[in-house]
Protein chains: 2
Amino acid sequence: MIVSTINVNGIRAAVKERSPENQGLLPWLKTTPADVICLQETRADDEQLAEALAPALADGWHLASADPHLKGRNGVAVLSRNPITRTRIGPGSNADDEFASHGRYLEVDTGDLTVASVYFPTGEAETDRQVEKERFMAAVAARMAELLRNRRDAVVCGDWNIGHTELDIKAWKANRKKAGFLPAERAWLTDLLATGWVDVVRVLHPDTPGPYSWWSWRGKAFDNDAGWRIDYQLANRRLADRVVSARVERAEAYALRWSDHAPVTVEYC
Amino acid sequence: MIVSTINVNGIRAAVKERSPENQGLLPWLKTTPADVICLQETRADDEQLAEALAPALADGWHLASADPHLKGRNGVAVLSRNPITRTRIGPGSNADDEFASHGRYLEVDTGDLTVASVYFPTGEAETDRQVEKERFMAAVAARMAELLRNRRDAVVCGDWNIGHTELDIKAWKANRKKAGFLPAERAWLTDLLATGWVDVVRVLHPDTPGPYSWWSWRGKAFDNDAGWRIDYQLANRRLADRVVSARVERAEAYALRWSDHAPVTVEYC
DNA sequence: CTTGGTAGG
DNA sequence: CCTATCAAG
């Protein structure tokens, strides 16, 4: 069982042919061994998303998605080779959940697994946008506590927009007061992991900087590997014990950059 | 003395290299025999315009321009191989001219010639935008009457956004109620020509449809030559008598399309 | 279909 | 620097 997660930074741009060598997301989808793929920042409504992914759907992929409330913003989805047997939109427990309409949280069951695709707000230190990010963090943590109480194995994938430790951001010193590496955000992740979730990429690469999963388009950030590791798969411990490999597909991304993020791919035996 | 006029549809886009074969406006500028070039729809302020045209200025071209009041809209300019000895912005006679700030009218003297670069509003039938277009038409006609009373030879170049006769629009039947081919607009041009101005391209091509100078980007308008002749050079009669050639540079535009308009180029002996 | 502005990343 | 939106042409 292989699970991938990637922030596509606009599904319509991601599926576009960019050059003869770089034909975008669809060739990657054709060749990936993944069984489940979590997508974030589709920046499209359900109809536009299905249209962009039409070739994949024709190939038999199943699709679930959570529409953004604002056009051209957010949007998350899950692609699965096996049927999707349950979907839940929003981290909250009821329809008046403030985030249910934001296109930031989608949870599905497929086979024996529960998979969530989550897109955290960017935030902005010292502003209301950071307050909203923290409300979203609290809502997701509450839902993840519920998931732990369930019987099913679960993995929560996404763009968390938080670097956890100094290993996770190349320029961590310059970012100590920036949204994405604030002490409160880092502590929140530490606390979340203490409840029983496992950051499976970090467990397999405990001491190395990165592997980064996002590089700014600006300047030569990608060439210099001046990146951030902000895309995580958090698995419950029983599932995490089954991890056989966990990597960021940077090599592929190097040749074929159709997003500013790279896929984070984990094989569970 | 060769005068060209072209609506560049955004100077910053026009100077961009579009492909190995199509390097944009600058190579055309390198090879054109024109002595004076009127530009419309630069969609840039004076500083952005000078930056986009920096290679031409380094080659010795002189530049005058009229800033648009709204960012990214309108904007007219004149490039001249010889020095520009007088500049006037706006068709009106005083600073409270409503159009002086709109980046639609620039008049210069160079050598013995007065040259104006004018960008008429698009208009929209039955709306306030048409009323404004007609106010601009009246202001330009008034200024052109003044020009005729002057001693100097003068040519008023630009994107008039009006097709004069059925020869000037391929699909004239479908456009009889559309801004750009309204009876009032056509009559205004007829009246203007009756005051002593000469549409020099039409005089040299009296009976042929076109030659069109604008084609919509939509569909296959350009390939089908489904165009409009809306870019004119109007010369006073004495100057018009010196015309030796007048053409639309469609052949060049075919290979190298860096605007939806093509240059209208006239040689005066 | 293309331009430039703007918000957001 | 890239992805969207939008108004305008």
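Reminder, nothing fancy here: chain letters follow the sequence lines and each chain counts from 1. Values in this document were obtained by computation on a predicted structure and should not be read as measured data.
Each of dG5(C), dC1(D), dG4(C) was ranked by its minimum atom distance to the side chain of Gln48(B); first place goes to dG5(C). Minimum atom distance to the side chain of Arg73(B) is reached by dA8(D), of the listed dC2(D), dA8(D), dT2(C). Of the candidate nucleotides dT3(C), dT2(C), dT5(D), dT5(D) has the atom lying nearest to any side-chain atom of Lys71(A). Distance from the side chain of Arg18(A) is smallest to dC2(D) among dC2(D), dT3(C), dT5(D).
Using modelled atom types and a 3.5 Å distance limit, the side chains of Ser65(A) and Asp46(A) yield a donor-acceptor pair. Side-chain atoms of Gln233(A) and Thr5(A) include no donor-acceptor pair closer than 3.5 Å. Between the side chains of Gln23(A) and Trp28(A), no donor N or O sits under 3.5 Å from an acceptor N or O. In this structure, a donor-acceptor pair under 3.5 Å is present between the side chains of Asp260(B) and Trp214(B).
Positionally, the nearest nucleotide of DNA chain D for Arg218(A) lies more toward the 5' end than for the other of Thr42(A) and Arg218(A). Both Gly219(A) and Gly72(A) lie close to DNA chain D; mapped to their nearest nucleotides by heavy-atom distance, the more 5′-ward contact belongs to Gly219(A).
Residue Arg43(A) contributes atom CZ, which lies 6 Å from atom P of dA4(D) at whole-angstrom precision. Distance Trp214(B) CH2 to dT3(C) P: 15 Å, rounded to the nearest Å. Rounded to whole angstrom, the span from the CG atom of Asp260(A) across to the C1' atom of dC2(D) amounts to 7 Å. For the pair Trp258(A) CH2 and dC1(D) C1', the computed distance is 18 Å after rounding to whole Å. Rounded to a whole Å, the CG atom of Asn74(B) is 12 Å from the C1' atom of dG4(C). Separating the CG atom of Leu70(B) from the P atom of dG5(C) is a distance of 11 Å, rounded to the nearest angstrom. Remark: P of dT2(C) and NZ of Lys220(B) are 13 Å apart, rounded to the nearest angstrom. Atom NE2 of His261(A) and atom P of dC1(D) are 18 Å apart (whole Å).
For Phe120(B) and Trp160(B), the ring centers are positioned less than 6.0 Å apart.
Residue contacts shown for Tyr119(A) are limited to sugar-phosphate atoms, with no base heavy atom under 4.0 Å away.
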